[in-house]
Asks: 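Could you have a look at this structure, given as structure tokens, before my questions?
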2 protein chains.
Amino acid sequence: MAYGNALVALADPTRRRVFERLKSGPQSVSRLARGLPVSRPAVSQHLKALKEAGLVADRAEGTRRVYSIDPEGLGALRKWLDQFWDQALAAFQEEIEREAKHGKDRK
Amino acid sequence: MAYGNALVALADPTRRRVFERLKSGPQSVSRLARGLPVSRPAVSQHLKALKEAGLVADRAEGTRRVYSIDPEGLGALRKWLDQFWDQALAAFQEEIEREAKHGKDRK
DNA sequence: CATTTCCGTAAGCCATAGCTTACCGTAAGC
DNA sequence: GCTTACGGTAAGCTATGGCTTACGGAAATG
């Protein structure tokens, strides 16, 4: 149920913005905060949540912390989504066949 | 930004349980509520949220409403995730090459 | 050392999300 | 027509999540 944490983490708009900023490459905290409508501590808190969800990783670099995307969490989410998609589609097909078989006429 | 609504909708655990119950096929509201630790009105509210996010569809069937999974919302989410995945991976590769090029020695 | 930059954490505030109970409309069954 | 199943909505409560300001610690800089 790792995907659950990822979903919760990505549900918040500003947290998602933080995350999406990392798409272009690793960033320091203050760099990430620049341009966002919230304070730097807020960004720190978001990064903590993202990290606990396995969506980002961080490394120390002198006095600053550089955050980057961690494929782990994103992968788990993708896996869940794909499975779900397949199963849902299968059930959908099955439903159609069932309707086709025993009379669909009796509205 | 349709995927945003889907993320918010799927972030809540019980709402996700409602949604996952539909994987096995269309269900009525009271049937969905049976077995869940919340009241039927709560399930109704969750279904409303899921519907607004494009994740489920509903049709009337006599006095009951049958809900089913709507591929729309799930598809949008999948699309976003896949794009994100590709871009993140590309940036990751780029980062490695950059490190390899100009000296990585000066830790 | 003193100072400055960078960042995480604590405390506290406020809006909102999720739940319950209560109520009302609508379609079927007798 | 009554009654009964079904389900959407309103009102209200409470917990929690995200934000801010304030603080403290650690590494670079002089």
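Chain identifiers are assigned alphabetically (A, B, ...) following the order of the sequence lines, protein sequences preceding nucleic acid strands; residue numbering begins at 1 within each chain. Note that the coordinates shown come from a computational prediction; the quantities given were computed from them, not determined experimentally.
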Asks: To the nearest 0.5 angstrom, please state how far the CG atom of B:L81 sits from the CG atom of A:L10.
Replies: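 Going from CG on B:L81 over to CG on A:L10, the span is 8.0 Å.
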Asks: Rounded to whole Å, please give me the gap between CD in A:Q45 and C1' in C:dG8.
Replies: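 The distance from CD of A:Q45 to C1' of C:dG8 comes to 9 Å, rounded to the nearest Å.
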Asks: Hydrogens and angles aside, do A:D70 and A:S68 bring a side-chain donor and acceptor to less than 3.5 Å of each other?
Replies: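 A:D70 vs A:S68: no donor-acceptor pair found between side chains.
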Asks: Calculate the interatomic distance between B:L47 atom CG and D:dT9 atom P; express it in whole Å.
Replies: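 Those two atoms, CG and P, are 11 Å apart.
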Asks: Return the nearest nucleotide to the side chain of B:H46; candidates are D:dG7, C:dC19, C:dC7.
Replies: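 Within the option list, the nearest is C:dC19.
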Asks: If you check the B:R64 side chain, which of D:dC6, C:dT9, D:dG18 turns out closest?
Replies: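 That would be D:dC6.
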Asks: Roughly how many Å is it from CG in B:D12 to P in C:dT16, rounded to a whole number?
Replies: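 Value for this atom pair: 18 Å.
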Asks: Taking atom CD of A:Q45 and atom CZ of A:R40, what is their separation to the nearest 0.5 Å?
Replies: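 A:Q45 CD to A:R40 CZ: 10.0 Å, rounded to 0.5 Å.
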Asks: Could you tell me the separation between the CZ atom of A:R59 and the P atom of D:dA26, rounded to a whole number of Å?
Replies: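 The distance from CZ of A:R59 to P of D:dA26 comes to 22 Å, rounded to the nearest Å.
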Asks: From B:S28 OG over to B:R65 CZ, what is the distance, rounded to the nearest 0.5 angstrom?
Replies: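 Rounded to the nearest 0.5 Å, the OG-CZ separation comes out at 12.0 Å.
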Asks: Given that both distances must come in under 3.5 Å, which nucleotide forms a Watson-Crick or G-U wobble pair with D:dC23?
Replies: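 Here D:dC23 is engaged in a pair, and the nucleotide opposite it is C:dG8.
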Asks: Starting at CZ of B:R15 and ending at P of C:dA17, how long is that distance when rounded to a whole Å?
Replies: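 Result: 9 Å.
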Asks: Between A:T63 and A:D58, which is nearer to the 5' end of DNA chain C once each is assigned its nearest nucleotide?
Replies: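 Here A:T63 is the residue nearer the 5' end.
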Asks: What is the distance, rounded to the nearest whole Å, between atom CD of B:E61 and atom C1' of D:dG7?
Replies: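 Rounded to the whole Å, the gap is 14 Å.
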Asks: Report yes if a donor N or O on one partner sits less than 3.5 Å from an acceptor N or O on the other, where the partners are the side chain of A:R40 and the base of C:dG8; otherwise report no.
Replies: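 Result: at least one qualifying N/O pair found.
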Asks: In whole Å, I'd like the distance from the CZ atom of B:R65 to the C1' atom of C:dA27.
Replies: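 Taking CZ of B:R65 and C1' of C:dA27, I get 12 Å after rounding.
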Asks: Considering every strand and a 4.0 Å limit on heavy-atom distances, what is the contact class for B:S30: base, sugar-phosphate, or nothing?
Replies: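 Sugar-phosphate: the residue B:S30, judged by heavy atoms under 4.0 Å, touches backbone atoms but no base.
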Asks: Identify, between B:K48 and A:T14, the residue whose nearest nucleotide on DNA chain D lies closer to the 5' end.
Replies: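 Mapping each residue to its closest nucleotide by heavy atoms, the 5'-most match is B:K48.
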Asks: With nearest nucleotide decided by heavy atoms, which residue, B:S28 or A:V38, maps closer to the 5′ end of DNA chain D?
Replies: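 Taking each residue's closest nucleotide, the earlier one in sequence belongs to B:S28.
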Asks: Can you tell me how far P of C:dG18 sits from CG of B:L10, to the nearest Å?
Replies: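 Whole-Å distance recorded here is 12 Å.
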Asks: Using a cut-off of less than 4.0 Å, is there contact between a side-chain N or O of A:Y67 and OP1 or OP2 of C:dG8?
Replies: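 So the side-chain polar atoms of A:Y67 do come within 4.0 Å of the phosphate oxygens OP1 or OP2 of C:dG8, strictly under.
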Asks: Which distance, rounded to the nearest 0.5 Å, do you find between the CD of A:Q87 and the CG of A:L89?
Replies: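 With rounding to 0.5 Å, CD (A:Q87) is 11.0 Å from CG (A:L89).
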